[in-house]
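Start at 1 and go down the list; that is how both ligands and their atoms are numbered.
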Amino acid sequence: MAREILIPHQDIVARVEALAKEISADYNGKEPILIGILNGVVFFFADLVMKMTIPCKIDFVRAASYGSRTTSSGTVNFIKDVEIPVQEQDLLIVEDIVDTGLTLEQIVKSLKEKNPASIRICALIDKKERREQAVAIDYRGFEVEEGFLVGYGLDYDERYRYLPDIYVLK
Ligand code: IMP
Ligand code: MG
C-alpha cells in the first residue's frame, strides 16, 4: 500500500522528550506506574520511559479490538491485565493513538475498579476523525485530523510497525 510520511522520527523524538519532562515535573515526588497498551505503544513507551527524570514503574495491558480492519469494532477484549498491584498508586496510561476512544474508555473503566490513587492518560496521537467517546487526554504528543497511520509501532494488519517514522496510508 502507498504511504506518505507524516511525522519524521526526529520530530517524534523531540516531542516525546518534551512529554517526559512535563510528566516528570507533574509527578515530582511520586513514583507513578506507567501502563502501556500493547502492542502499538512499544516504541513510544520505551522512548518515553527512558526520558523520565523521576522514578517510575512500568506495566502493560493488552486489548484486542482491531484485527485487520481499519475501524474499531466498538468492543474490547482484554488479553493481558496489569500485574503490579495498582491500588492507591498513581497510574499513567500510555496509548499510541486514540481514535474512537472506545478502547481507552474500557481500559480506564477496568483500572478504576482496582482503586488506584489517580489515573491520567498520555497518548502519542490524538486522532479526532472518529471520536465516539470523549476521553480526557492529559498528555498529548500530536493531534491528527484524519487518516490511517502506520510506523513507530503503529500497524495495519501487523505490517509497518518497524518503521521509525509515522506515515499515513494512501
Ligand atoms: P479506538 O478504540 O478507536 O480509540 O482505537 C484505538 C486503537 O486502535 C489504538 O490503540 C490503535 O491500536 C488502533 N488504531 C486506531 N487508529 C489507528 C491508526 O490510524 N493506525 C494504527 N492503529 C490505529
Ligand atoms: Mg493500540
Side-chain angles (χ1 to χ4, degrees), residues 1-13 15-16 19-20 23 32-49 58-83 86 91-114 116 119-170:
M1 221 177 277
R3 59 178 194 253
E4 198 171 89
I5 196 154
L6 185 69
I7 313 171
H9 187 74
Q10 70 214 41
D11 293 2
I12 301 171
V13 169
R15 187 71 194 110
V16 171
L19 280 177
I23 294 165
I33 304 176
L34 274 55
I35 300 177
I37 304 177
L38 297 169
N39 290 342
V41 84
V42 287
F43 301 155
F44 171 45
F45 193 78
D47 286 346
L48 183 76
V49 170
I58 65 168
D59 204 344
F60 298 92
V61 295
R62 179 150 192 212
S65 65
Y66 261 68
S68 58
R69 296 175 308 116
T70 54
T71 56
S72 175
S73 62
T75 54
V76 174
N77 299 312
F78 292 94
I79 293 173
K80 188 210 169 298
D81 205 348
V82 284
E83 290 168 56
V86 298
L91 310 184
L92 179 64
I93 303 173
V94 185
E95 171 69 301
D96 49 9
I97 180 165
V98 181
D99 185 12
T100 63
L102 296 171
T103 308
L104 214 42
E105 186 210 4
Q106 293 297 313
I107 289 169
V108 169
K109 207 173 114 195
S110 102
L111 286 172
K112 267 191 184 152
E113 284 165 9
K114 299 177 197 286
I119 299 187
R120 283 187 193 165
I121 293 169
C122 170
L124 178 64
I125 293 163
D126 183 0
K127 195 169 75 173
K128 305 283 195 184
E129 191 183 9
R130 281 192 293 249
R131 191 63 42 86
E132 288 177 33
Q133 176 66 48
V135 279
I137 301 174
D138 301 281
Y139 305 97
R140 176 188 286 101
F142 300 92
E143 230 178 87
V144 173
E145 282 309 317
E146 58 187 2
F148 198 82
L149 312 188
V150 296
Y152 194 62
L154 296 168
D155 74 306
Y156 172 66
D157 202 10
E158 297 306 327
R159 301 178 65 202
Y160 310 111
R161 286 196 200 273
Y162 70 98
L163 298 167
D165 308 298
I166 293 176
Y167 297 80
V168 58
L169 284 186
K170 292 283 159 187

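A salt bridge links Lys80 with Asp59: the distance from a Lys NZ or Arg NE/NH1/NH2 to an Asp or Glu carboxylate oxygen falls below 4.0 Å. Salt-bridge annotation for Asp81 and Lys114: present, with a side-chain N of the basic residue lying under 4.0 Å from a carboxylate O of the acidic one.
Not a single heavy atom of Val41 sits under 4.0 Å from any atom of ligand 1. Within the 4.0 Å heavy-atom shell around ligand 1 one does not find Val150.
In this structure, Ile97 CD1 and Leu154 CG are separated by 5.5 Å, a value rounded to the nearest 0.5 Å. Atom CD of Glu129 is separated from atom CG of Asp99 by 7.0 Å, given to the nearest 0.5 angstrom. Distance check, rounded to the nearest 0.5 Å: CG of Asp165 to CD1 of Ile5 gives 3.5 Å.
Using a 4.0 Å cut-off between heavy atoms, Asp96 contacts ligand 1 through its side chain alone, with no backbone atom that close. Neither the backbone nor the side chain of Arg130 has any atom closer than 4.0 Å to an atom of ligand 1 (non-hydrogen atoms only).
On a distance-only criterion, Leu149 and ligand 1 share at least one N/O pair closer than 3.5 Å.
Each of the atoms 1 (P), 2 (O), 3 (O), 4 (O) of ligand 1 lies under 4.0 Å from some heavy atom of Thr100. Close contacts between ligand 1 and Gly101 involve ligand atoms 1 (P), 3 (O), 4 (O) [criterion: under 4.0 Å to a heavy atom]. Ligand 1 places these atoms under 4.0 Å from at least one heavy atom of Thr103: 1 (P), 2 (O), 5 (O), 6 (C). Residue contact check: Glu95 has heavy atoms under 4.0 Å from atoms 9 (C), 10 (O) of ligand 1. Atoms of ligand 1 lying under 4.0 Å from at least one heavy atom of Lys127, given by number and element, are 16 (N), 17 (C), 18 (C), 19 (O).
No more than 12 heavy-atom neighbours from other residues, nucleotides or ligands sit within 6.0 angstrom of CZ on Arg159.
In this structure, His9 and Tyr152 have perpendicular ring planes: the angle between them is above 60°, well past the 30° mark.
Looking at Leu38, Leu102, Ile97, Leu104, it is Ile97 that brings a heavy atom closest to atom 6 (C) of ligand 1.
Taking both residues in full, the closest heavy atoms of Gly147 and Val168 are given as CA-CG2, 4.0 Å, listed atom of the first, atom of the second, then distance.
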